Undergrad: 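Sharing a structure below in structure tokens format, with a few things to ask.
So that the names make sense, note that chain A is the first sequence line, chain B the second, and so on, each numbered from 1. Everything quoted here is computed from the prediction, not taken from an experiment.
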Amino acid sequence: MFKRLGMFDRSLGMFQPAGSIPYPGPQSLFANGEQGAWYDPSDLSSMFQDAAGTTPAQLEQPVGLLLDKSGRGNHASQTTLAARPVLSARYNLLTYTEQFDNAAWTKLNISAANTTVTTDPLGGTTADVITVTGGSTVHNITAATFTISSGSVYTLKVYAKAGTHNYFRHGQVTGSAWPAPGTWWWDLSNGTFNGSLGSGWSNQSITSVGNGWYLCQVTVTASATDSEGYGISLTDSSGNIIFSASGATMYIWGADLRVANDGVVLPSYQRVAAATGYDSTGFPTYLRFDGIDDCLFTSAIDFTATDKMTVWAGLRKLNDSATAILYELSADTTVNNGVFRLTTPSFSGTFPYAFVNKGSVQANASTADTSKYGAPVTNCVTCIGDITNDVSILRLNAVQIDSATADLGAGNYGNYPLYVGRRNNATLQFSGRLYALIIRGAQSTETQITQTETWVNGKTKAY
Amino acid sequence: MQEAYRNIIVEDAQVALARQITEHLAPVGGKNMFTTGLSPTGAEPATHWISSGFIDADYAALIPLVEWTQNEEGQWEVAIISPGYPEVIMNMCLMQEPPLEVTLTEVQAVLDATDVTLEQPFAAMARMGLQMVQEEPVDG
């Protein structure tokens with residue numbers, strides 16, 4: 001006798017145990033005519049580059065119209081070109097990641113060229129051979145620099161294969177953002193790590209992927225804010241970066257540099273050619289708000305028939321230096337009644353998240369845990385409001401963080417535009433990514449809350 | 001419509017006319033630009049204003065474009081990619097209905113007070129020693 005243990009739920013991307021209710025999708029949240037909106041940046045058909053909705057959205061292009069998939073018609077748009085967020089699925093900060101012969105890579109006493117001597121780790125023909133030139137000197141290959149923020153943690157990785165040379169490491173390149181790497185090296189002849197990582201460097205690994213190729217990766221915590229680059233330094237068999245080995249060769253492929261906490265369960269490597277040409281398979285798409293002036297907003301949404309609200313958002317915030325608003329009902333919740341907003345951060349970073357909820361009186365549900373929720377960070381944020389019963393709840397990654405019972409006054413939610421990314425399309429701009437946003441003017445059951453959180457996390461990969 | 005990415009920072013003294021010119025050259029997409037104030041300290045009043053993102057490619061072709069690089073001494077050096085076309089801008093403003101009455105001198109003054117690059121906004125702000133003017137923290 002076979003016992004059914006459950007089923008694989010495609011909408012959630014996970015196994016559902018027997019006896020659980022399959023999630024019917026966010027559209028079910030509006031099945032009874034509930035007012036609200038459902039915005040889904042993973043659905044390219046729901047976005048357009050222009051506000052009129054004539055030019056379909058595409059990666060690395062602005063989005064001027066974000067359709068509401070709830071069926072309520074509360075589409076969000078932006079007519080000012082420069083104020084449109086950009087649709088993206090970019091995670092690897094490097095370019096030409098399989099083209100080390102490209103000018104984007106600076107070669108110092110090294111040459112690089114495509115080779116057919118070996119296939120690449122995927123069995124293709126894009127592997128490159130690097131050849132040592134010059135005498136007793138450093139030999140490295142580095143990528144264009146970009147601003148590295150102090151305290152941020154990055155993962156550097158590349159696939160490498162021994163040629164006639166076996167030794168290399170990642171390391172400090174041109175700026176001061178990376179701490180001194182220490183004396184260490186990977187040995188591609190036997191797949192081993194040698195030496196000691198410098199302070200701030202950690203989690204190195206060298207993993208065989210077949211055909212002599214190894215995935216070599218290490219994590220580094222930036223010690224300063226500065227321009228810094230991605231660098232591969234060849235070493236000798238003792239980890240010295242100054243050595244002579246003219247004509248020696250090594251194979252490399254697939255460089256990847258990304259913020260270490262940028263999503264979970266993502267593919268470990270993202271191929272990038274030019275900045276706008278990259279592989280997006282397996283990488284969640286998002287709207288990128290530049291923290292300068294990007295905003296999408298709706299016409300007035302009539303929530304006057306309800307005093308209940310549930311809002312789910314999948315986001316990544318990049319900056320906590322200034323107060324920023326991800327979404328707000330009405331032009332200013334401080335002066336209007338029947339409103340709400342998510343401030344991230346609030347009070348210039350004192351509170352990484354604050355859900356402001358207001359009938360005729362305001363209450364906040366927030367967190368001050370900057371160590372866990374400080375930028376850069378990816379979170380699924382659920383905000384629950386109930387004006388009559390004085391409920392204001394903040395949930396982060398499916399965990400209730402704060403529940404405020406302070407008086408919310410009286411009345412229902414109002415009839416106002418919803419602003420996403422900025423207050424009133426004018427101030428307090430959000431810097432980061434939006435993966436999903438669902439606003440439901442109704443009380444949601446525990447099952448609806450948790451299943452929708454799981455759905456949002458499937459689009460966000462926060463936990 | 002073709003679009004091009006630009007990061008544009010305008011000095012406060014010229015921003016009012018810059019907004020008018022932009023709106024005349026791009027009546028829909030160019031409206032409500034330069035709404036984020038900048039200053040060296042982040043405190044008001046704003047000394048500069050910024051817009052960053054994709055703009056109408058025809059408009060982008062008319063305004064200047066420069067590239068900044070640092071020399072070995074760490075000093076910034078500018079290379080002019082395009083000087084802009086102030087006379088064309090003036091004529092287009094005068095031809096609009098209703099026209100924007102501007103002189104060549106006025107248009108040139110706006111262009112001279114504008115930093116237009118392909119940089120990311122925070123990199124440009126760092127180069128110019130500017131921060132966003134921050135509002136007083138909202139209550140919560």
Side-chain angles (χ1 to χ4, degrees), chain A residues 49-52 54-55 60-62 64 78-86 146-147 149 225 227 276 288 290-295 318-319 321-325 328 332-334 341 343 345-351 354-358 362-366 422-423 425-429 431, chain B residues 1-9 19 22-23 25-38 42-44 46 48-60 63 69-70 72 74 116 118-127 130-140:
Chain A
Q49 297 185 44
D50 59 318
T54 62
T55 306
E60 300 305 323
Q61 291 299 317
Q78 173 62 260
T79 55
T80 301
L81 277 170
R84 294 170 179 169
V86 172
F146 41 88
T147 300
S149 300
T225 296
S227 292
T276 57
R288 184 172 65 227
D290 65 7
I292 298 295
D293 51 13
D294 292 347
C295 179
L318 300 178
N319 195 322
S321 64
T323 300
I325 289 177
E328 185 169 32
D332 190 343
T333 47
T334 64
R341 73 169 185 263
T343 318
S346 180
F347 279 104
S348 297
T350 303
F351 299 97
F355 168 51
V356 174
N357 191 23
K358 184 179 180 186
Q362 177 181 311
N364 299 355
S366 61
R422 210 176 183 195
R423 162 167 285 175
N425 194 32
T427 59
L428 301 176
Q429 40 275 353
S431 175
Chain B
M1 177 179 64
Q2 294 293 314
E3 295 162 359
Y5 174 82
R6 293 291 187 271
N7 185 77
I8 308 172
I9 298 177
R19 289 174 182 145
T22 301
E23 192 170 330
L25 296 181
V28 177
K31 200 173 182 181
N32 295 326
M33 285 183 65
F34 311 117
T35 59
T36 300
L38 309 175
E44 292 182 329
H48 297 71
W49 298 82
I50 183 173
S51 272
S52 187
F54 286 84
I55 62 173
D56 187 313
D58 292 338
Y59 167 56
I63 62 177
T69 55
Q70 279 184 299
E72 291 183 351
V116 185
L118 301 179
E119 291 173 295
Q120 291 301 304
F122 289 95
M125 289 159 55
R127 168 176 55 78
L130 298 171
Q131 312 174 36
M132 275 194 291
V133 171
Q134 298 183 21
E135 283 192 6
E136 287 298 312
V138 297
D139 52 338

Undergrad: Answer with side chain, backbone, both or neither: which region of B/E3 has an atom nearer than 4.5 Å to a non-hydrogen atom of chain A?
TA: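 Contact with chain A is through the side chain of B/E3 alone.
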Undergrad: Would you call A/D293-A/R422 a salt bridge at under 4.0 Å N-O?
TA: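 A salt bridge is absent here (no side-chain N lies under 4.0 Å from a carboxylate O).
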Undergrad: When only pairs under 4.5 Å are counted, which of A/S366, A/G291, A/A82 shares the most heavy-atom pairs with chain B?
TA: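 Maximum pair count with chain B is reached by A/A82.
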Undergrad: Heavy-atom cut-off 4.5 Å, strictly under: side chain, backbone, both or neither for B/F34 against chain A?
TA: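 Contact with chain A: none, neither part.
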Undergrad: Side chain, backbone, both or neither: which part of A/A426 has an atom under 4.5 Å from a heavy atom of chain B?
TA: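 When you check distances to chain B, only backbone atoms of A/A426 fall under 4.5 Å.
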Undergrad: Listed by chain and number, what are the side-chain hydrogen bond (donor to acceptor under 3.5 Å, both in side chains) partners of B/E119, not counting sequence neighbours?
TA: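 In terms of side-chain hydrogen bond (donor to acceptor under 3.5 Å, both in side chains), with neighbours along the sequence ignored, B/E119 is linked to B/T117, B/R127.
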Undergrad: Report the residues that fulfil side-chain hydrogen bond (donor to acceptor under 3.5 Å, both in side chains) with A/N319, sequence neighbours left out, ordered by chain and then residue number.
TA: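 Testing A/N319 for side-chain hydrogen bond (donor to acceptor under 3.5 Å, both in side chains), a comparison that skips the adjacent residues, returns A/S321.
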Undergrad: Return the option, out of B/V133, B/N32, B/I55, with the maximum number of heavy-atom pairs under 4.5 Å with chain A.
TA: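 The residue among B/V133, B/N32, B/I55 with the greatest pair count is B/N32.
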Undergrad: Picking from B/M33, B/Q120, B/K31, which has the most non-hydrogen pairs under 4.5 angstrom with chain A?
TA: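 Maximum pair count with chain A is reached by B/K31.
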Undergrad: Heavy-atom count check: over 12 atoms from other residues, nucleotides or ligands less than 6.0 Å from B/E44 CD?
TA: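 No.
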Undergrad: Is the closest side-chain donor-acceptor distance between A/Q78 and A/D294 under 3.5 Å?
TA: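 The criterion, which ignores hydrogens and geometry beyond distance, is not satisfied for A/D294 and A/Q78.
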Undergrad: Please classify the contact of A/T79 with chain B as side chain, backbone, both or neither, using a heavy-atom distance under 4.5 Å.
TA: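 Interface part for A/T79: both.
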Undergrad: What closest approach, in Å, do A/D290 and B/F122 show between heavy atoms, and which atom pair accounts for it?
TA: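 Heavy atoms only, the tightest pair is O-CE1, 3.3 Å.
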